[in-house]
Number of protein chains: 2
Amino acid sequence: MTKAARMSVWLEDSAVRAPRTRRSEQPSGLDRDRITEATVKLLDAEGLAKFSMRRLASELGVTAMSVYWYVDTKDDLLELALDRVFAELTVPAPEAVDAGDWREQLRGLAATYRAVIVRHPWISPQMGNYLNIGPNSLLFSRAVQRVVAATGLSLTRQRGAIASVFQFVYGYGTIEGHFRRRCAEAGLSQDDYFREAMAAFRVPEEMAEDFRQAEEMVAAVEGGQTVEEMRDADFQVALDLLVAGIEALVAAEGPAPS
Amino acid sequence: MTKAARMSVWLEDSAVRAPRTRRSEQPSGLDRDRITEATVKLLDAEGLAKFSMRRLASELGVTAMSVYWYVDTKDDLLELALDRVFAELTVPAPEAVDAGDWREQLRGLAATYRAVIVRHPWISPQMGNYLNIGPNSLLFSRAVQRVVAATGLSLTRQRGAIASVFQFVYGYGTIEGHFRRRCAEAGLSQDDYFREAMAAFRVPEEMAEDFRQAEEMVAAVEGGQTVEEMRDADFQVALDLLVAGIEALVAAEGPAPS
DNA sequence: ACCTGAACACCGTTCAAGT
DNA sequence: ACCTGAACACCGTTCAAGT
């Protein structure tokens, strides 16, 4: 069996090479933390496509290859950056989870997850690329699992329930984040971009009958509602649906074994 | 207001430059269709990261710049490739939708969508990048909207319902597709990769209590169940949940106005 | 232990030139 | 109308060398 390449930075034997983060002053003041921080800042500002090791190095006032003393590859660095933004997730402590209603808790977790994805659109394509076993990712997973366990759903069905909620939020946040990025790049507000796109594009006649919601959206935006308001509203409807769906599954399973 | 860059290949004024697809023979036998086909083939075989205009050109037995006669940019080409794989979606005709039960139809659409995303993992990051208004994408959207309209849900809530189902499938398929790609790259079966990852990684003790499902998965795989079987099962649970959720929302809205 | 510079094998795309 | 070749301004990463 071929030895697979390292699966994750988080599985690296951190004792092999020195701590990579020093208390004492380096010549350039570099360490993993400062590098990761600068990476996130650059990714937020300029996007994944424009990010490069050379660009990062110049931002840090250092030569391109200096960074490689602290990280093995660009991929490792991106994995570190990914977990770093997950630190922004608002995660309730286990006791707080147990004290609250799962419906509320689930909505809260969905909301914080969505916010982080939308705020950092570059993480969406990254999340699929890594195992997501960084410390902050684990803290979030833990909370998710604890909340869903509190629904009373059987263990086997909990995975499906978690997937339906958080893959939805992932997909929704991804589209949202990308759209915001496109608007920013085009120098347009979300509403203006939406209007321009709708003006440029005509649904083929024979399909018009089935695109009534699109028409409704156009009408709403023209009526003064913002694209963001509509997206918030749709998100809430979806969460209502998901919570109701979980309740239905729980009811269908019958009373939990004591 | 700054004139935004072209929003989509599909909005390009195709009359400006000649049809780009010729009946008669080109010196190299190139046309948009052949180029798009080769692009999909390469992306499937080697992934988005390794795809390049030069690599494509050499596959077509042509110089790198020849391709630029038929497409303006690499981005445009990727947008064409995206809609081309959507041709693989099994989309029921409007009459077929009207004749069937929306529950079944919705499951069918979710299944075909998932299959395409998993088969072509490179499309996930692309879908967010484009407006998805190609002909095949529209055909699918049309069917989705028609099916969800048949649930009896109010027009405003239909968007939330569509999002909950298809953003879920997008997220789920994305993770699945990426996982398969990682396995293929590591030269391991999905089950072996899963086992190796689980062996390499230990959940921190203080969190063990909340990671019972992960334990359950490990036990199931050791018991001979395949990772794919479990994913199929979870997918079905999620669809059950979503269908039940839609039914609950419909019931909560009360009888539809005639 | 940490950082640099030169070099290798790549990119997407422009532009002038060929047929 | 279609295709090529050279060139520009980039990449990630290796490797030998400096301090």
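So that the names make sense, note that chain A is the first sequence line, chain B the second, and so on, each numbered from 1. This one's a predicted model, so the numbers in the text were calculated from it and none came from an experiment.
The side chain to side chain donor-acceptor pair (under 3.5 Å) test applied to A:Asp191 returns no partner, not counting sequence neighbours. Scanning for salt bridge (charged side-chain N to carboxylate O under 4.0 Å, His left out) contacts around A:Asp232 gives A:Arg114, with sequence neighbours left out. Residues meeting the salt bridge (charged side-chain N to carboxylate O under 4.0 Å, His left out) test with B:Glu88, sequence neighbours left out: B:Arg119. In this view, B:Asn132 satisfies the side chain to side chain donor-acceptor pair (under 3.5 Å) rule with no residue, not counting sequence neighbours. Contacts of B:Asp210 classified as salt bridge (charged side-chain N to carboxylate O under 4.0 Å, His left out), with partners at least two apart in sequence or in another chain: A:Arg142, A:Arg146. The ring-ring contact (aromatic ring centres under 6.0 Å, His included) search around A:Phe166 returns A:Tyr113, A:Phe140, not counting sequence neighbours. B:Thr174 is linked by a side chain to side chain donor-acceptor pair (under 3.5 Å) to B:Ser124, counting only residues two or more places apart in sequence or in another chain. Residues satisfying the salt bridge (charged side-chain N to carboxylate O under 4.0 Å, His left out) test with A:Glu46, not counting sequence neighbours, are A:Arg55.
Between C:dC11 and D:dA7, the distance separating the two C1' atoms is 14 Å to the nearest Å.
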Check: protein-nucleotides 8-10 of chain D nitrogen or oxygen pairs below 3.5 Å:
none

Please tabulate, one pair per line, each protein N/O and nucleotide N/O from nucleotides 15-19 of chain C that are separated by under 3.5 Å, including the distance.
none

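Proximity of B:Tyr70 to the phosphate of D:dC3: a side-chain N or O atom is located under 4.0 Å from OP1 or OP2. Neither OP1 nor OP2 of D:dC3 sits under 4.0 Å from any side-chain N or O of B:Trp69. At D:dC3, none of the side-chain N or O atoms of B:Thr63 fall inside 4.0 Å of OP1 or OP2 (strictly under the cut-off).
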Next on the checklist: What does the 5'-to-3' dot-bracket notation of DNA chain D look like when only Watson-Crick and G-U wobble pairs under 3.5 Å count, and pairs to other strands show as |?
Outcome noted: ||.|||||...|||||.||
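Protein atom CE of B:Met53 is 11 Å distant from nucleotide atom P of C:dT14, rounded to whole Å.
Of the N and O atoms on the side chains of B:Thr226 and B:Gln190, not one donor lies less than 3.5 Å from an acceptor on the other residue.
Every pair tested for salt bridge (Lys or Arg N to Asp or Glu O under 4.0 Å) that includes a residue from residues 121-137 of chain A fails, sequence neighbours excluded, so the list is empty.
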